[in-house]
Amino acid sequence: MLPKAYEPKEVEQKISNLWKEKQVFKAKIDETKKPYVIVIPPPNITGVLHMGHGLNNTLQDTLVRFHRMNGECANWVPGTDHGGIATQNVIEKKLAKEQHLSRHDLGREKFVQTVWDWYKECGNAIYNQFERMGWALDQSNIRFTMDEARAKSVYASFKNLWDKKYIYRGKRMINWCVRCSTALSDIEVEHDQQNGKLWHLHYKLEDGSDGIIIATTRPETIFADSAIAVNPKDERYKNMVGKKVLIPLINRAIPIIVDEAVELDFGTGALKITPAHDPVDYEVGKRHNLEIISVISDKGKMINLPEKYLGMDRDECRKQTIKDLDAAGLLVKEEKYNHAVSTCYRCNSAIEPYLSEQWFVKMDELAAKALKAVENEEVKFYPANWKAPVMNWLKNIQDWCISRQIWWGHRIPVWYCRHCSKDGLTFTTDKQGKEQLAKVSFENGAKPIISHDKPLCPICGSSDTIQDPDVLDTWFSSALWPMSVFGWPEQTKDLKYYYPTSILVTGYEIIYLWVARMIMMGLEFEGKVPFSEVMLNGIVRDKDGQKMSKSKGNVVDPLDLTQKYGADAVRFSLISQSVLGKDIPYGENSIIGARNFCNKIYNASRFIQMNSEGIEGPLELPAKPKELCDRWIISRYNHAVKQAADELKKYNMAAAADTLYHFLWGDFCDWYIELAKARFNTADKKEVISILINILYGTLKALHPMMPFITEEIAMSLKKYIKNSKEFLIEEDYPVFNPALEDKQAEEEMALLQGVTGQIRTIRAQFNVPPGLKIKVLLSTADTKDLAVLQKYQNYIFAMAKLEAAQMGANLPKPKQTATGVYGTVTVYIPLEGLIDFDKEKARLDKELAIIQNGINNRKRMLDNKNFVNNAPKQQVEKAKAELEEMLLRAQQIKAAKEDLN
RNA sequence: GGGCAGUUGGCGCAGUGGUAGCGCGUCCGCCUCACACGCGGAAGGUCACAGGUUCGAACCCUGUACUGCCCACCA
């Protein structure tokens, strides 16, 4: 005997192994078919997958399976991302915790090797998770952004962009993370509103007289001030311009200058200019040729200032400076001030604007092409409201800082000859005593040699060449992903067949970091957008809508949930809540319904199979069933699968899931199976079983893209009954709408029977008729058609409403001690001697009547309105008329029943 | 400062012009021989607010409020 409840664990393991063994997901080029290609947004190898990956990949899997079942040549390309800074941070933390070592203790080579070792471990865990979630990725060919083929792509694109002079090196004010000790691009910086303070400081004139008061949020940078600036239009300070003031605490004299960048009405209207530590000030400094003084090191420590502050942390120095300013009587005012603070998107610490030499990609031309493509909708966003922000971003784009001062990543493919570039290179010695190239300066004579492998110096022929110490932004390799996965720049068969891909499915939070850049690179290198559609999923949040994070302790682990409820339940619950571009609040409760649905599917199947024993397959859906409920369920099924397919095509995943859920649970289980039960002992049995099995099998096919395991498991046990079934559901055709199976009449007739049944059930429940007690009813209708249906299919009502006997006819008189229900033209009288509570019945009828009366009033108002009758579509007018008629009839019947109670 | 979302029964959400649905929860009755992860029934909403367009608005337009997010060099 099969267990009563579905046990996903073993089933999923078994099915998963089977898929793997039979290589069901292996991509094979088939020129006769249209390719359907998705490249996975490669997860970072920073740890196991989280709920966001669960959602994102489940959506992709659903699409991939769906399209494959629609006859397309599907290829879903798996892989992972080396994850630059994020991964380096993870490994550094791990090293510190487990071995109390820093990366510098290991040295660059060993550290990088450590991360590679980690990749093997973490990558495998991720690939294993892919399998456990049932994602139809072709895992025979896994890509990693750091593997050799992808490294070649990175080199090729760097070389290409360098030759076009799009890549350059320059001294710029960039975003520097003192914790990660690296430059970041503009979009890797987050801006958090924080409660800070605005300090008003007094800068006295050289002669010790009044001077000027400035407002700043960063008093610790006063030591690096080069000037005080005011707006040229500012009358208040006119007489001071050109004079010099003294920096508090150190009494260095700096000039008062004018610059447009200063706002008249902010603070005091006077701005301290610190070119080394603020991007605006840097620009001002350039305009006025001001001295650049750095007082904060790349590690965030104070340098180049009085000994008292030397070596202090930024924050510590700020506190001390304020204290000292206050003591010196130069702190005029301290006010609360809410302002944006830049933070690192990887480690959250405050960003320092930092002047340094970095590598950049010139963006204007790349972005212009992408802008055009987005504007023309060569790339279409779902939901569409992302088009404008993307265009806006592309229009206002800044050059992309691509160098990172970390060790884990694609090392910049630029080399220097130690002889010819001698003056531009700075070396240090690491803890192993090894000489390391620390800094490169083109200004001082470093000459670049672009090369993937260690080159000979093209000038002096020396083999003593050394590679640039920086690595590339991790997004540089990601930008190439849709091409690099197919071996670009080689014009491989795969690239030709699979590129451009069909759709990108990703989260809206990386549109700029990733999506926009892929579009630019795709256009630049292959002349084609990498995907014509972008489907955006939301962020999976906790049940209260908060972002999940380890520090908050509100993380829901997909592995735990999968273990507990099954992968199908996790998948279905995510899909059911996934509306394009919208975040999903997800708690454990979210999954219960999906788990219950799995169980429902399982039990319905179990029941059908129990009753199929001894019946030989194959069983086909009868072409022309004569029984009403057979015609009905086939028609309903036909509509349900069509609607599901239509919704999937529009990327309304939740709507598709909802449709199939309600068809299977409502129509199929609650009505069809219930009605079928009585027929198992009749000559109909084989036909009923045929229908049950075929509709079930078809519904499993329709559900398969969303819940692959349970559908596969059940389908396998049904194969013996199914004609021309394939070994796996993914190889089957997705059910299609068949107009011949549509049966409007059957649907109408069933609706009447269901409605009447509903009336009887309600009354039974209201008057506490014992569930086991079979009752007699009277069904009265003046409508001959309805009457005929009731009479012909009275057995349906008998079974579903537990009747013992029924009297049917036109205008039957209402017996005494009777409860009344009305559905359409039909009045239901239920004699309930001893059970009926007249007051309760009256109240019930009153309420019913009030609702109908409201409806009647509405329709009357509409139909009395000439504008409605003249302007509204005929269909609507007819509908209102019909509804009015029906309501009037019902009202009349209820009124009669009520009067009779008195 | 600019932009984008959201505001629908206790909770979480669907619903883009014809008078509101789903899941969970609640209440009542059932262990009915597939399923109590179940079955049958019920209660519960002036669709944030104010105007406007329309014969008709949860849906379109304008404005307001609140919430969230993104972008932006007022220190």
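On a predicted model such as this, the values are computed, not experimentally measured, just so you know. Order of the sequence lines sets the chain letters (A, B, ...), proteins ahead of strands, with each chain counted from 1.
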(message) Students often get this wrong, so: under 4.0 angstrom with heavy atoms, is A/Pro353 touching a base, only sugar-phosphate, or nothing?
(response) nothing
(request) Would you mind reporting whether A/Met653 and A/Leu574 have side-chain heavy atoms less than 4.5 Å apart? (result) no
(request) Examine distances only and state if a side-chain atom of A/Asn195 and a backbone atom of A/Asn338 form a donor-acceptor pair shorter than 3.5 Å. (result) no
(message) Can you confirm if the NZ or CZ of A/Lys840 lies within 45° of the ring axis of A/Phe767 and under 6.0 Å from the centre of its six-membered ring?
(response) yes
(request) Determine the Euclidean distance between corresponding C1' atoms of B/G6 and B/C13; express it in Å to zero decimal places. (result) 12 Å
(request) Look at the side chain of A/Lys847 and decide which nucleotide, out of B/G44, B/G29, B/C74, has an atom nearest to it. (result) B/G44
(message) Could you measure the distance from the OG atom of A/Ser590 to the CD atom of A/Gln577? Nearest 0.5 Å is fine.
(response) 4.0 Å
(message) Between A/Arg517 (side chain only) and A/Leu513 (backbone N and O only), is there a donor and an acceptor less than 3.5 Å apart?
(response) yes
(request) Please measure how far the P atom in B/A72 lies from the corresponding atom in B/U67, and state the result in whole Å. (result) 24 Å
(message) Looking at the base of B/A34, is there any donor atom on it, or on the side chain of A/Glu674, that sits under 3.5 Å from an acceptor on the other one?
(response) yes
(message) Under 6.0 Å between ring centres: does that hold for A/Trp386 and A/Phe381?
(response) no
(request) Could you please name the option among B/C39, B/C55, B/C69 that lies closest to any side-chain atom of A/Arg541? (result) B/C69
(request) Check whether any side-chain N or O of A/Lys395 sits under 4.0 Å from OP1 or OP2 of B/A72, and answer yes or no. (result) no
(request) Check whether any side-chain nitrogen or oxygen of A/Tyr602 sits under 4.0 Å from OP1 or OP2 of B/C37, and answer yes or no. (result) no
(request) Quick one: label A/Val262 by what it contacts on the DNA or RNA (base, sugar-phosphate, nothing), any heavy atom closer than 4.0 Å. (result) base
(message) Is the phosphate of B/C55 approached by A/Asn871 (side-chain N or O, under 4.0 Å from OP1 or OP2)?
(response) yes
(message) By nearest atom, which of the nucleotides B/C70, B/A75, B/A14 is closest to the A/Lys582 side chain?
(response) B/A14
(message) Given B/C69, B/A34, B/C37, identify the nucleotide with an atom nearest to the side chain of A/Asn596.
(response) B/C37
(message) What's the closest nucleotide to the side chain of A/Ala604 if the choices are B/C55, B/A75, B/A34?
(response) B/A34
(message) Under 4.0 Å from OP1 or OP2 of B/G41: is there any side-chain N or O of A/Arg761 that close?
(response) yes
(message) Suppose you measure atom P in B/U32 against the same atom in B/G40; what distance do you get, rounded to whole Å?
(response) 14 Å
(message) Nearest to the side chain of A/Lys879, heavy atoms from C-beta on, is which of B/G18, B/A34, B/G12?
(response) B/G18
(request) Using a heavy-atom cut-off of under 4.0 Å over every strand shown, decide if A/Gly269 touches base, sugar-phosphate, or nothing. (result) base
(request) By nearest nucleotide on RNA chain B, pick out whichever of A/Gln766 and A/Asn858 is the more 5' one. (result) A/Asn858
(message) Using the side-chain contact (heavy atoms from CB on, under 4.5 Å) definition, which of the options A/Val284, A/Asp278, A/Ile228 pairs with A/Ile273?
(response) A/Val284
(request) Mark yes or no for a side-chain to base donor-acceptor pair under 3.5 Å between A/Lys4 and B/C35, with no hydrogen or angle criteria applied. (result) no
(request) Please determine, for the side chain of A/Arg595, which listed nucleotide (B/A43, B/C37, B/G23) has the closest atom? (result) B/C37
(message) Distance check, P atoms only: B/C47 and B/G9, in whole angstrom units.
(response) 10 Å
(message) Nearest to the A/Lys677 side chain among B/A34, B/G18, B/C37, which nucleotide is it?
(response) B/A34
(message) Is the phosphate of B/G2 approached by A/Trp393 (side-chain N or O, under 4.0 Å from OP1 or OP2)?
(response) no
(message) Would you call the rings of A/Tyr661 and A/Phe572 parallel, tilted or perpendicular, taking 30° and 60° as the class edges?
(response) parallel
(message) The side chain of A/Tyr508 is closest to which nucleotide in this list: B/A34, B/C69, B/C28?
(response) B/C69
(request) Nearest-nucleotide wise, let me know which of A/Cys669 and A/Phe597 is further upstream toward the 5' end of RNA chain B. (result) A/Cys669
(message) Let's test your reading of the pairing rules: Watson-Crick or G-U wobble, both distances under 3.5 Å, then write RNA chain B as a dot-bracket string with ( ), [ ], | and dots.
(response) ((((((((.[[[[.)..(..]]]].(((((.......))))).....[[[[[..)....]]]]])))))))....
(request) For B/G12, take OP1 and OP2 only and decide whether either is under 4.0 Å from a side-chain N or O of A/Ser590. (result) no
(request) Run the numbers on A/Phe607 and A/Tyr672 for ring-ring contact (aromatic ring centres under 6.0 Å, His included), then give the verdict. (result) CA-CA 13 Å; A/Phe607 179 66; A/Tyr672 190 71; over 10 Å; no
(request) Counting heavy atoms from C-beta on, name the nucleotide in B/A72, B/A75, B/G12 closest to the side chain of A/Pro585. (result) B/G12
(request) Taking atom P in both B/G63 and B/G21, compute the distance separating them and give it to the nearest angstrom. (result) 32 Å
(request) Report which part of the nucleic acid A/Trp665 touches: base, sugar-phosphate, or nothing (heavy-atom distance under 4.0 Å, all strands). (result) sugar-phosphate
(message) What's A/Asp670 touching, base or sugar-phosphate or nothing? Going by heavy atoms closer than 4.0 Å.
(response) sugar-phosphate
(request) Indicate, with a heavy-atom threshold strictly under 4.0 Å, whether A/Tyr586 touches base, sugar-phosphate, or nothing. (result) nothing
